[in-house]
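Every heavy atom of this structure was used, including side-chain atoms; hydrogens, water molecules and symmetry mates were not.
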Amino acid sequence: MPGDCSIRALWILNNLGAVVYSRRFPVVEKQWRAACQSENESSDDDPVKYTVFSSVPSDSELAAAFSERKTREGSVRGFGIRVSQSREGSDSWVDDPITRHIVGVYINKEEEGENNLMWPLALHIKGPYCILILPLVEPRHVKAYARLCKRSDCGNAVTAHENLSSLLLDIPSITGAFMVAHAIGDIVTGDVVEPEVVVSQSPSVGGLLDSLTGSIGISGISSRAKPVAAPVASSTPAGAAAIGALASDVPKSGSRLLDKDALRSFISSAMPFGTPLDLSYSNIFSVRANGFSSLDIPPQDLKQPAWKPYLYKGKQRLLFTIHETLHAAMYDRDEIPDSLSVSGQINCRAELERLPDVSFPLTGLSTSKIEALSFHPCAQVPEQNVDKQALMFSPPLGNFVLMRYQATCRLGPPVKGFYQLSMVSEDEGAFLFKLHLMEGYKSPLTMEFCNVTMPFPRRRILSFDGTPSIGTVSNAEHSVEWKIITSGRGLSGKSIEATFPGTVRFAPWQMQRSTSFRSVCEGITDDDSDNETENTNNMANTEEFLMEKMSKDLPPVDLEEPFSWLAYNYAKVSFKIIGASLSGISIDPKSVSIYPAVKAPVESSSQVTSGDYILWNTLGKCPSAVTAKV
């Protein structure tokens, strides 16, 4: 079996569960069939003989199998852990959250054996589409997963003879399958965008940038004053690297028409015969649209990498932007600790002639407590120590993500405090915010803006009353937004306290409980239920009675919306901080070296934006993770 990534087949399903596009790769499928035959012959003497599904299903068979899995697992992604509804042989029976992303389907319902299990399928949801990628693995891997689906115990214990983590580590093609899925997802939804690189001075690039983005069908990109995507030299037709954005677990209703011609063109160029070569949509578009001229041929002494089909010519410079996203769950409760995590990436743009190598030490690793690292294919990691990570890379053309990482937050939360909401009647609630912004943060860290949103997806707002100590307030049909710091009035070198008491009134609602909501509530065991049924005579006060009554009769929301299920109430914070990273990672422009040596200015910048930054209602129910006791 080849050690690199190869794709057997891929499918794109719409939100109705129908296959709208599929592609099979006979060359890879021939390798799979040969491996299956060899594996089955070698297992003749096994006391327990496992066979594997040796053919790619038709579109209708795949759609039916995926629909059956959705019904069995409770949603598109599934439970991810073993619950009372889990059945032996299903993904959730394995009891590992990764089974929400790497799934298996049974093609023939008549036979409940391993021979109709098709695994692994990399599942990526983008917009209204579910994208399934089937990579080439060894038949023994499928057999191992089939045994995990039959195991009586659950969990991913390190001491277990077989576990899913060790199995996936032995399958590098899984990573390639997800890269393909994200690239295709960006193309079918039109989200092919460049990673943002901040520049200190904004050149006039409006016409050039607009013409480039418009020519590749990206209507949502436009040139901005600050920050801007650095311009592409006019002598080269390079564009953007396809970078996937995080999407909800649920396919959205409303869809743009699938451009099958563009998809076929991308697949035939990016992964001929099923082997991914270059998944950069901009590179492929540039080559197909412009071809090559004699001026694009590199000197014979240079070996040009696949990720740089054209050489840059023009004024030279090197730009780095550390872009971090801060996720938080703030509880303001003694029994539940607050949670902070940082996901970051280093974006780069190297406007350098010929094919130079760039190297620099990445500092701050000892204080940032890096939990995961991944690099662009152009990067090499020759050495590392406690506090420095040396990087060397041959940069592609245009903006690209040099490195991604997960880390802890070196500083405290930039927004902390509490949010309280209590229902004084069925149609009126009283709320209170008390927040501290940028406490313990010093210059050059600057908060450019900060907004707080109270969403009420199941209630229609009639009016609200309240005046904050700072900022302005507005409301929509299902939310109230508090703008504490507006753009142009940044907060730097000091902290502020912001309070906002008020009331919100909702439209009366009719008690309704849909069939889907009842089925979910009936399927959840008493131990796991958030919708507990208690005797109202024993309730401590009127507020608790109202909250219990409302949570029973509220209409359902999408079960895959992570913060809007049943009786959970929360506020979401949005902000942007510039000046430095919160993980402690930094790049010193003076330590960056370029070989062969050239005179090129090096700029480095940092920015932090909020991800899911949640203030849970202190007076209500809230989900939390339990820390394992060793």
Rounded to the nearest 0.5 Å, what separation is found between the [atom1] atom of [X] and the [atom2] atom of [Y]?
| X | Y | atom1 | atom2 | value |
| --- | --- | --- | --- | --- |
| Asn475 | Ser463 | CG | OG | 8.0 Å |
| Ile578 | Thr321 | CD1 | OG1 | 11.5 Å |
| Gln406 | Leu373 | CD | CG | 10.0 Å |
| Ser604 | Ile587 | OG | CD1 | 4.5 Å |
| Leu132 | His124 | CG | NE2 | 11.5 Å |
| Tyr405 | Ser583 | OH | OG | 4.0 Å |

Does [Y] offer a backbone N or O that forms a donor-acceptor pair with the side chain of [X] under 3.5 Å?
| X | Y | result |
| --- | --- | --- |
| Arg505 | Glu428 | no |
| Asp465 | Thr503 | no |
| His323 | Gln345 | no |
| Arg77 | Lys70 | no |
| Tyr613 | Val415 | yes |
| Asp91 | Val103 | no |
| Asn451 | Lys483 | no |
| Arg82 | Trp93 | yes |
| Gln85 | Gly74 | no |
| Trp482 | Cys450 | no |

ask   = Are Ile322 and Phe320 close enough, and set up right, to give a side chain to side chain contact (heavy atoms under 4.5 Å, CB included), and what steps lead you there?
value = CA-CA 7 Å; Ile322 299 175; Phe320 294 98; 5.9 Å; no
Item to complete: Tell me, with the steps shown, if Tyr129 and Ile184 meet side chain to side chain contact (heavy atoms under 4.5 Å, CB included).
Response: CA-CA 10 Å; Tyr129 301 110; Ile184 291 177; over 6 Å; no
Within the 4.5 Å heavy-atom criterion, are [X] and [Y] side-chain neighbours or not?
| X | Y | answer |
| --- | --- | --- |
| Ile485 | Phe575 | no |
| Arg404 | Ser374 | yes |
| Ile484 | Pro468 | no |
| Cys130 | Leu123 | yes |
| Glu426 | Phe506 | no |
| Ile614 | Lys572 | yes |
| Met403 | Leu362 | yes |
| Ile102 | Phe178 | yes |

**Study point:** Trace of the side chain to side chain contact (heavy atoms under 4.5 Å, CB included) decision for Glu371 with Ser341
**Key:** CA-CA 10 Å; Glu371 299 172 354; Ser341 64; 6.0 Å; no
Exercise. Looking only at side chains, do Asp96 and Thr99 share a donor and an acceptor under 3.5 Å apart?
Worked result: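 Per modelled atom types, Asp96 and Thr99 side chains form no pair under 3.5 Å.
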Kindly assign one of parallel, tilted or perpendicular to the pair Phe400 and His376, based on the angle between their ring planes and the thresholds 30° and 60°.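 Perpendicular.
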*Is the Phe393-Phe375 ring centre distance short of 6.0 angstrom?*
no
Show the nearest heavy-atom pair for residues [X] and [Y], with the distance to one decimal.
| X | Y | answer |
| --- | --- | --- |
| Pro128 | Thr189 | CD-CG2, 4.5 Å |
| Val76 | Ile125 | CG1-CD1, 3.7 Å |
| Val198 | Ser605 | CB-OG, 3.5 Å |
| Ser606 | Ser581 | CB-N, 3.8 Å |
| Leu619 | Ser422 | CD1-CB, 4.0 Å |
| Gln607 | Glu196 | NE2-OE1, 2.8 Å |

Among Tyr419, Phe418, Tyr570, exactly one meets ring pair (Phe, Tyr, Trp, His ring centres under 6.0 Å) together with Trp616. Which residue is that?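 For Trp616, the ring pair (Phe, Tyr, Trp, His ring centres under 6.0 Å) test succeeds with only one of Tyr419, Phe418, Tyr570, which is Tyr570.
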In residues 431-448, what donor-acceptor pairs under 3.5 Å come from side-chain atoms, sequence neighbours left out?
{"unit_1": "Glu439", "atom_1": "OE1", "unit_2": "Lys416", "atom_2": "NZ", "d": "2.9"}
{"unit_1": "Tyr441", "atom_1": "OH", "unit_2": "Gly412", "atom_2": "O", "d": "2.4"}
{"unit_1": "Thr446", "atom_1": "OG1", "unit_2": "Pro444", "atom_2": "O", "d": "3.3"}
{"unit_1": "Thr446", "atom_1": "OG1", "unit_2": "Ser492", "atom_2": "OG", "d": "3.2"}

Is the number of heavy atoms from other residues, nucleotides or ligands within 6.0 Å of CZ (Arg460) greater than 12? no
* To do: Please test Asn399 against Asn347 for side chain to side chain contact (heavy atoms under 4.5 Å, CB included), starting from the C-alpha separation and ending with a verdict.
  => CA-CA 7 Å; Asn399 298 1; Asn347 301 336; over 6 Å; no
